[in-house]
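Encoded as structure tokens, the structure appears first; notes follow it.
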Amino acid sequence: MKRAAPRSTLRKLIKRHKPQLRLAANADLLVHLNFLLFLHRLAEEARANAFENKSKTIKSEHTMAAGKVILKKSRG
């Protein structure tokens, strides 16, 4: 597994979607960190959903339900 964030790829993706934005030097790292935190929260919520349903494995239904909850919480 790679240890570093794919900085050039991430910068290209951001520039492709929002070409008018000027990025700070560490903006790509902040986006990558935010993505990792989202994945961690998604995994924790999916695990909790699986536990509530007395399932030993995390299924796609648990992940989809967790995604809806997390996205609703993070909207501000």
Side-chain angles (χ1 to χ4, degrees):
M1 190 161 117
K2 291 184 178 181
R3 292 187 180 260
R7 296 188 74 175
S8 61
T9 307
L10 198 50
R11 278 185 161 304
K12 287 177 191 174
L13 283 173
I14 294 170
K15 282 293 189 185
R16 190 179 313 149
H17 288 291
K18 299 283 185 174
Q20 71 277 11
L21 289 180
R22 291 176 46 204
L23 296 177
N26 62 350
D28 53 326
L29 293 176
L30 293 173
V31 169
H32 185 71
L33 177 62
N34 197 11
F35 170 70
L36 291 176
L37 290 173
F38 173 78
L39 279 182
H40 182 71
R41 286 176 39 198
L42 181 68
E44 288 293 320
E45 189 73 27
R47 184 186 61 81
N49 287 347
F51 185 75
E52 287 174 3
N53 294 338
K54 296 181 175 76
S55 176
K56 292 187 177 184
T57 57
I58 298 174
K59 298 178 182 170
S60 63
E61 303 90 48
H62 304 134
T63 308
M64 293 299 287
K68 289 179 184 176
V69 169
I70 291 172
L71 288 175
K72 202 175 273 188
K73 284 182 184 176
S74 66
R75 283 191 187 155

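Values reported hereafter were calculated over all heavy atoms of this structure, with side chains retained and with hydrogens, waters and symmetry mates removed.
Of the possible donor and acceptor atoms, one in the side chain of Lys15 sits under 3.5 Å from a partner among the backbone N and O of Leu21. Using a distance-only test at 3.5 Å, with no hydrogens or angles considered, no donor-acceptor pair links the side chain of Ser55 to the main chain of Phe51.
Here the NE2 atom belonging to His32 is positioned 8.0 Å from the CG atom belonging to Leu10, to the nearest 0.5 angstrom. In this structure, Leu33 CG and Asp28 CG are separated by 11.5 Å, a value rounded to the nearest 0.5 Å. To the nearest 0.5 Å, atom CG of residue Asn34 and atom CG of residue Leu29 are 12.5 Å apart. The NZ atom of Lys68 sits 15.5 Å away from the NZ atom of Lys73 when rounded to the nearest 0.5 Å.
Shown here for Arg7 and Ala25, the closest heavy-atom pair between the two residues is NH2-O, 2.9 Å. Counting all heavy atoms, side chain and backbone alike, Thr57 lies closest to Ala50 at O-CB, 3.9 Å. Closest approach of Ala66 to Ala46, counting heavy atoms only: CB-N, 3.6 Å. In terms of heavy atoms, Leu42 sits closest to Thr63 at CD1-O, 3.8 Å.
Linking Ile, Leu, Val, Met, Phe, Trp and Tyr residues whenever their side-chain heavy atoms come within less than 4.5 Å leaves Leu30 and Leu37 in two separate clusters. Met64 and Ile70 fall into different hydrophobic clusters, defined by Ile, Leu, Val, Met, Phe, Trp and Tyr side-chain heavy atoms under 4.5 Å apart, directly or through other members.
At most 12 heavy atoms of other shown residues, nucleotides or ligands fall within 6.0 angstrom of atom CZ in Phe35.
Comment: Arg41 does not engage Glu44 in a salt bridge, judged by the lack of any side-chain N to carboxylate O separation of less than 4.0 angstrom.
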